[in-house]
Amino acid sequence: MRASRLLLPTLRDDPADAVAASHRLLVRAGYVRQVGSGLWSFMPLGFRSLQRVIGVIREEMDAIGCQELLMPVLLPEDLLRKTGRNTIPELFKLQDRKGSELVLAMTHEETIALHAAGEIRSYRDLPQTWYQFQTKERDEPRPQGGLLRTREFIMKDAYSLDRDQAGLQVSYDAQAGAYRRIFERVGLHVYEVDSDVGMMGGSEAMEYMAPSPAGEDRIALAADGSYAANVELAVSRASQPDFGPSAPISELETPGITTIEQLAEYVGRDPRLTMKSVIVVPEDERGGVVLALVRGDHRVHDLKLTRAIGAPFRPATPEEIRATFGAEPGSIGAVGVREGALRDVIVDPVLATGGYLSGANRTGWHLHNVEHGRDFSGRLVDIRHVEEGELSVETGSPLRIEPAIEVGNIFQLGTRYSDAMGATYLDEDGTEKSIWMGSYGIGPARTVAAIAEQSHDDHGLIWPPAVAPFDVWITPIGEAALAFADGLDRELSSAGLVVVVDDRELSPGVRFKDADLIGVPLRVTIGKRLASDGVITIKRRGVEGEADVAVEDAASAVLRSYGDAAAASA
RNA sequence: CGGGACGUGGCGCAGUCUGGUAGCGCACUCGGCUGGGGGCCGAGUGGUCGGAGGUUCAAAUCCUCUCGUCCCGACCA
């Protein structure tokens, strides 16, 4: 095709409001344009790449026997009332002209369960996996990073229906296999990590995390590859300080000391021998005050604590702390709290052994040698933020923490949704049983953005061939070159490549810059040397050097080079 | 929701403090030259300065309100 007929709205300057590399480059190269906060159009260039990613996903879903369908974005609110998910704050709500309450789908578990309830009768109908590419709407508190976090996006969502847990495990494993092939084929580096099941519920879940500095999530990875988990649930072996022999509690005056750092310095002890008291107020009907304890050098992970409490929370105010503990913030501890004053005490398991320096609940005083079980009690629940350099629980391999973009996830949902929707089947033994469900998502647009994050340089995007909008970009310089370029285009196109002949009346430099910015895998230059030496030049994007090839051999040389590029990205 | 920044031709910006003719670069149009890394010369098109109200002889500029966008945090199925 001719570039002069294409919409190629490349920009010379970076957009002023773009921070993430993918955001900056996808806008600059003309792939996407913003319509509103978290709302984006895929321009023709971007749509090509998006469709290629979708094509790969579709092939891999079909290959494991999934069936494609399409469900509506607009849903009756009643459908979500059955699972209680109609109260999620991110849900867009609206009314029709009759005043009926509708919502915009964030995901389709309820709808699938509705259809399973309607259509699945017998164990003979199972297993099934249904999937779609459909728009999802989420009223995000803060859209961000261009395509990385949007309010409207297309999601590939698949849902498996099985007789039992064992069947679900098989469907789940099949999806995991397909996901690995999908991300490999599109040239995206991902880690498969253990993940929080979140409000989805269910028993087991994994996320597919593309490492990138622009990522909003953090993943913990063992150096030996034996462990990978979202820090939301990652565990590790904490370093062990030398506790010395167990000793009775003793009081210590600590005037004006309110932080762990001050305390450790004042007493001249390892901060690992101190205990940190975090006081929070759950934001549910029950209210009350919760005391969470971690070692002095550790941090509480908010989501872990939220799970431990069973409700979101906020930090307690100084007034609430004084009223509950009878002391100023900074001198708070677990020992000697008034009976019934606390809703819950949550103790990080690291504190289960050893004696620690802790607040005395008496302003300006601390206690030595406080031991869990002897001096105070509390539920042992992991609430600690895993830190870089700590050791993997299983193999002792050191952990590093990397930012990453969540591009996909797989969940074992169990029977939560089928129970709510009455999705049952009649089993072989004549009894009615709940269908076991799994759900499996991939964000194709976020995948495109993640690839852009991982694969670019100062000149622009560098697409893996599988997702590039075009395979070959031909830059003819001069009239004779254009005729030759059109011929080469015909030959390569019939071989299955998508070819652009840049016939625009622009200087060669500008056209080279555009091809690089757009990130086309192969660039062919046809210039003076066509006539003088009978050669054209092939350049691979992102690879040093270029090759001159004889005109007679042009098409086969380009095809060979494309094959090399495709092989290199796999 | 808390904090911060920014809205001026399509894009990137200056002008705002100190009120007085809307300006620069790129892009775009026409003509010419050029042709292997954002090339050159000449002539042009295009903006109610986010919106509303106010102060003033006079507002992009000062005041009030409002809308929008981005960033940090909170949140995130």
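Predicted, not measured: the structure shown is a model, and the values here were computed from it.
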**Report entry** P-based separation of B/G3 from B/U48 [nearest Å]
**Finding:** 35 Å
Query raised in the report: Could you state the interatomic distance from CZ (A/Phe133) to CG (A/Leu50), rounded to the nearest 0.5 Å?
Result: 9.5 Å
Query - C1' spacing across the pair B/G36 / B/C70, given as an integer number of angstrom - result: 40 Å
Query raised in the report: Does a donor on one side chain and an acceptor on the other come within less than 3.5 Å for A/Thr83 and A/Tyr417?
Result: no
Query raised in the report: What does A/Val19 touch in the nucleic acid at a heavy-atom separation under 4.0 angstrom: a base, only the sugar-phosphate, or nothing?
Result: sugar-phosphate
**Report entry** Under-3.5 Å donor-acceptor pair between A/Arg33 side chain and B/G10 base
**Finding:** no
Query raised in the report: Could you give the CZ-to-C1' distance, from A/Phe512 to B/G38, as a whole number of Å?
Result: 12 Å
Report task. Could you check how far CG of A/Asp217 sits from C1' of B/C76, rounded to whole Å? Result -> 9 Å
Report task. Using only heavy-atom distances, determine whether the side chains of A/Asp564 and A/Ser561 contain a donor-acceptor pair under 3.5 Å. Result -> no
Query raised in the report: How far does the C1' atom of B/C71 sit from the matching atom of B/G25, given to the nearest Å?
Result: 26 Å
Requested in this report: For A/Pro312, report the nucleic acid contact type (base, sugar-phosphate, nothing); a contact means any heavy atom under 4.0 Å.
Outcome: nothing
Query raised in the report: Of all the nucleotides listed (B/G12, B/C75, B/C71), which has the minimum atom distance to the side chain of A/Gln144?
Result: B/C71
Requested in this report: Scan A/Gly145 against the nucleic acid and name what it touches under 4.0 Å (heavy atoms): base, sugar-phosphate only, or nothing.
Outcome: sugar-phosphate
Query - Residue whose nearest RNA chain B nucleotide is more 5′ - A/Asp17 or A/Ile536 - result: A/Ile536
Report summary line: note: A/Arg218, atom CZ; B/G73, atom P; distance rounded to Å ~ 9 Å
Query raised in the report: Under 4.0 Å between a side-chain N/O of A/Arg142 and OP1 or OP2 of B/C1, yes or no?
Result: no
Query - Nearest-angstrom distance, P atom, B/G53 to B/G38 - result: 50 Å
Report task. Decide yes or no, distance alone: a donor-acceptor N/O pair under 3.5 angstrom between the base of B/G36 and the side-chain of A/Thr537. Result -> yes
Requested in this report: Could you tell me the separation between the CG atom of A/Asp514 and the P atom of B/G37, rounded to a whole number of Å?
Outcome: 15 Å
Query - Under 3.5 Å side-chain donor-acceptor pair for A/Ser439 and A/Glu109 - result: yes
**Report entry** Spacing between A/Glu216 atom CD and B/C76 atom P, to the nearest angstrom
**Finding:** 12 Å
Requested in this report: Figure out the CG/C1' separation between A/Asp502 and B/G36, and round it to whole Å.
Outcome: 13 Å
Report task. Look at all strands and tell whether A/Arg511 reaches a base, only sugar-phosphate, or nothing, counting heavy atoms closer than 4.0 Å. Result -> base
Query - Interatomic distance at P, B/G10 relative to B/G51, whole Å - result: 13 Å
Query raised in the report: Any donor-acceptor pair under 3.5 Å between the side chain of A/Asp14 and the base of B/G12?
Result: no
Requested in this report: Would you mind classifying the nucleic acid contact of A/Glu479 as base, sugar-phosphate or nothing, using non-hydrogen atoms under 4.0 angstrom?
Outcome: nothing
Requested in this report: Assign A/Thr525 to base, sugar-phosphate, or nothing according to its heavy-atom contacts below 4.0 angstrom with the strands shown.
Outcome: base
Report task. Could you let me know what B/C1 is paired to, Watson-Crick or G-U wobble, both distances under 3.5 Å, or none if it's on its own? Result -> B/G73
Report task. Using only heavy-atom distances, decide whether a donor-acceptor pair under 3.5 angstrom links the side-chain of A/Arg504 to the base of B/G38. Result -> no
Query raised in the report: B/U56 and B/A74: how far apart are their P atoms, nearest whole angstrom?
Result: 48 Å
Requested in this report: For B/U45 and B/U61, measure between their P atoms and round to the nearest Å.
Outcome: 27 Å
Query raised in the report: Considering only the C1' atoms, how many Å lie between B/G50 and B/A60, rounded to the nearest integer?
Result: 12 Å
Query - A/Lys136 side chain to A/His108 side chain, donor-acceptor N/O pair below 3.5 angstrom - result: yes
Requested in this report: Run the salt-bridge test on A/Asp457 and A/Arg541 with the 4.0 Å N-O cut-off and return the result as yes or no.
Outcome: yes
Query raised in the report: Roughly how many Å is it from NZ in A/Lys539 to C1' in B/G36, rounded to a whole number?
Result: 13 Å
Requested in this report: Measure from the side-chain heavy atoms of A/Ile477 and tell me the nearest of B/C76, B/G36, B/G39.
Outcome: B/G36
Query raised in the report: What's the CZ-P distance between A/Arg24 and B/C11, to the nearest Å?
Result: 18 Å
